[in-house]
2 protein chains.
Amino acid sequence: MVSKGEETREKLLDIAEQQILLNGFAATSIDSLIKEAGITKGGFFYHFDGKNDLAYALMHRYRERDAFLFSGLFNRAEELTNDPLQQMLVFVKLLSEMMEDLKGLHPGCLVASFTYESHQVNEEVRKITADMVMDWRRLFEVKLEKINASYQPKADTTSAELADMLSTIIEGGIIVSRALNDPSILVKQLLAYRSYISLLYA
Amino acid sequence: MVSKGEETREKLLDIAEQQILLNGFAATSIDSLIKEAGITKGGFFYHFDGKNDLAYALMHRYRERDAFLFSGLFNRAEELTNDPLQQMLVFVKLLSEMMEDLKGLHPGCLVASFTYESHQVNEEVRKITADMVMDWRRLFEVKLEKINASYQPKADTTSAELADMLSTIIEGGIIVSRALNDPSILVKQLLAYRSYISLLYA
DNA sequence: TCGAAAACTTTACCCGGGGTATAGTAAAAA
DNA sequence: TTTTTACTATACCCCGGGTAAAGTTTTCGA
C-alpha cells in the first residue's frame, strides 16, 4: 500500500522526468512542475529540499529502473540461447525494438541531460550519472568477455571499448535523432552496432 | 582590418562558446559573459538582440568553422592517398589525433548542447543545428559511397547509416567522456569506428 | 581635422523563477 | 480519536533575462 505522500512524490518525479527530457534541467521550472501536478510550492518543498534534491532523487530512480530494464532484457536473451554472442545480439535487438515502440515520443536520456548541465547541478548528481554509465559498461563488458572466451575477434578492440561503444551509440543516437527530429536513427544505429558485433565475431 | 565592433562581437562569441560548452545554454548568463568580456549589458545588446540571437550567431559561426575544419582534414587525407577507403581511415585517424590533443579541455559540442535545450532556444537555432548534422552526413556519405564502388562491404549497413554512425559516435563519445570525466573515451571510440570500417571493407 | 556614425556606458526598470519561512488546514494512519 | 502526514496560502528576498533610452567616447572616412 502506497501512501498519499509517496504518490504525490512519484507524480512530481514523473512530471519532472518528462519535462527535463524534453527541455533540459535548467529550463524546467518548479512552477511548471507544481502547475502540472496541481499542487502549490509549499507542497513541492515538503517533498524535496529544492531543485537539486529533486534531480538527485530523479536520477536515483532512473538508474534503478534502467538497471531493472536492462537486466530484464538480458534475462529474456538468456532464456532464448546459451551462446553469449547470440545473447548479446538478442539483447541489442530487443533494445532496438523497444526504441522502435517509443518512436512517437521524443528520444531522450537523463544521463545526457545532466551530463550537459553538470556544473549547474550538484556534485552528487554528477556522481550518480557517472555510476549509471559505469553500470552499463560492467553489464556489457561481462557479456563481451564471455564472447571473447568462445570466439576469436577479427579486430583488436577491447571488451571495455566495445561495451562503451554501445553506451556511446545509445547517447549519440539520441542526440542525432533529436537534432534531425528522426527517432528511427537511434533504432538504425543500434542495429548497426549489432551488425558490427556480428561481423567482429563471425 | 577588423573593426573594433567586430572584435568585441567575436570576443563575446568566444566567451559564450566556452561557457555554453561547459555549463549549457540556459546556465550561461549574459551577466557572466559581459563580466568576462569587460563590457556592460548595453554593450551586449548593441551587438545582439538577446540571448537567442547570440545562440544563432554562435551556431552559425560554429557550423562554418567545423565545415572548414572537416574539409581540411579530408584534404590532408586526399593528399596522402587516392583510395577512398584509406582516405576515410586517415580522416578518422586525424580526427582522433585532434581530440587527443584537446584532452586537457572538457570535451563538448554545441550540437549536443543546443539539441538538449532545443525548446528553450528558438526554432532557427534548432534548424541550423540540424543543418550541421546534415552537413556531416553528406560529407561522410559521399566518401563512403565511393568506397562501396571499389570494395564489397561485409554487412548490409547503408552508407547513410555508416555516415550517421560517425556523427553518433562523436556526439555519444563526448557525452560518455563527460559523464565519466575521461576524455580518452572519445578518442578510443573514434578509433573503434575506424576499426569497424576497416573490418567492413577488408 | 572635423563631423558623423559606431561602439559603447550608465541608469533604471519589469518580470519570472529559485528559494525561504511560517501559519493554518484537511486527510490519513495509529 | 488523536497525532502525524501532507499539504495550502501567503508573503517575501534575490538574481538573472530582457528592455529602454539618454549620454559619452572612439573610430573612421571624407
Side-chain angles (χ1 to χ4, degrees), chain A residues 1-20 22-59 113-114 117-126, chain B residues 1-20 22-59 113-114 116-125:
Chain A
M1 177 69 192
V2 63
S3 69
K4 197 195 170 192
E6 274 305 309
E7 216 173 272
T8 307
R9 193 186 148 91
E10 287 297 308
K11 192 178 176 184
L12 278 170
L13 288 174
D14 287 344
I15 295 169
E17 186 171 326
Q18 235 182 292
Q19 292 198 11
I20 292 171
L22 196 58
N23 305 315
F25 180 68
T28 299
S29 73
I30 295 179
D31 277 16
S32 72
L33 297 179
I34 62 177
K35 194 181 173 188
E36 200 177 327
I39 60 166
T40 58
K41 221 172 198 176
F44 176 89
F45 279 92
Y46 173 77
H47 290 289
F48 303 102
D49 282 347
K51 219 184 166 190
N52 280 345
D53 185 45
L54 169 80
Y56 182 75
L58 185 58
M59 200 57 210
S113 292
F114 286 133
E117 301 182 278
S118 56
H119 288 257
Q120 145 99 7
V121 186
N122 61 40
E123 173 61 19
E124 282 163 343
V125 173
R126 200 205 57 74
Chain B
M1 178 68 191
V2 63
S3 69
K4 198 193 169 192
E6 273 304 309
E7 216 172 273
T8 307
R9 194 185 148 92
E10 288 296 308
K11 192 177 175 184
L12 279 169
L13 289 173
D14 288 342
I15 295 169
E17 187 171 326
Q18 236 182 292
Q19 293 198 10
I20 292 171
L22 197 59
N23 305 316
F25 180 68
T28 299
S29 72
I30 296 180
D31 278 16
S32 71
L33 297 180
I34 61 178
K35 194 180 172 187
E36 200 177 326
I39 60 166
T40 59
K41 222 171 198 176
F44 176 88
F45 278 91
Y46 173 77
H47 290 289
F48 303 101
D49 282 347
K51 219 184 164 190
N52 280 345
D53 186 44
L54 168 79
Y56 182 75
L58 185 56
M59 198 58 210
S113 292
F114 286 131
Y116 252 91
E117 302 181 277
S118 56
H119 286 257
Q120 147 97 8
V121 185
N122 61 39
E123 174 60 21
E124 282 163 342
V125 172

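These values consider heavy atoms only, across backbone and side chains, with no hydrogens, waters or symmetry-generated copies. Sequence lines set the chain letters: A, B, ... in the order given, protein chains first and strands last, and positions in each chain run from 1.
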Item checked: d(CG, D53(A); C1', dG19(C)) in whole Å -> 13 Å

Notebook entry, point to check: Under 4.0 Å between a side-chain N/O of T8(A) and OP1 or OP2 of dC7(D), yes or no?
Noted result: yes

Check: So do the side chains of Q18(A) and D14(A) get within less than 4.5 Å of each other, counting heavy atoms only?
Finding: no

Check: When the distance from CG of L12(A) to P of dC7(D) is rounded to whole Å, what number comes out?
Finding: 8 Å

Item checked: pair I30(A)-L54(A): side-chain heavy atoms closer than 4.5 Å -> no

Next item on the list: Would you kindly compare I39(B) and I30(A) by the position of their nearest DNA chain C nucleotide and give the one closer to the 5′ end?
Entry: I39(B)

Notebook entry, point to check: Would you say the side chain of D31(B) lies within less than 4.5 Å of the side chain of I34(B), judging by non-hydrogen atoms?
Noted result: yes

Next item on the list: Kindly say if T40(A) contacts the phosphate of dC7(D), meaning a side-chain N or O under 4.0 Å from OP1 or OP2.
Entry: no

Next item on the list: When you get a sec, tell me which of dT5(D), dG19(C), dG18(D) is the closest nucleotide to the side chain of K51(B)?
Entry: dG18(D)

Item checked: Minimum-distance nucleotide (side-chain atoms of Y46(A) versus dC8(C), dG19(C), dT5(D)) -> dT5(D)

Next item on the list: Give the rounded distance in Å between these two atoms: CZ of F45(B) and P of dC13(C).
Entry: 18 Å

Notebook entry, point to check: Quick one: H47(A) NE2 to dT4(D) P, roughly how many Å, whole number?
Noted result: 19 Å

Next item on the list: Can you tell me the distance, in whole Å, between the CG atom of D49(A) and the C1' atom of dA21(C)?
Entry: 14 Å

Check: Just checking T28(B): base, sugar-phosphate only, or nothing, at a heavy-atom cut-off of under 4.0 Å?
Finding: sugar-phosphate

Item checked: F44(B) CZ - dA20(D) C1' separation (whole Å) -> 16 Å

Checklist line | Pairwise side-chain contact, S113(A) with F25(A), heavy-atom cut-off 4.5 Å (strictly under) | finding: no

Check: Rounded to the Å, how far apart are D31(B) CG and dC15(D) P?
Finding: 11 Å

Note to self: Closest approach to the side chain of K41(B), judged atom by atom: which nucleotide of dC7(D), dT20(C), dG18(D) is it?
What the structure shows: dG18(D)

Notebook entry, point to check: Side-chain contact, heavy-atom cut-off 4.5 Å: L13(A) with F48(A)?
Noted result: yes

Notebook entry, point to check: Of the candidate nucleotides dC7(D), dG16(D), dT20(C), which contains the atom at the shortest distance from the side chain of S29(B)?
Noted result: dG16(D)

Next item on the list: Using whole Å, report how far CZ of F48(A) lies from C1' of dT20(C).
Entry: 18 Å

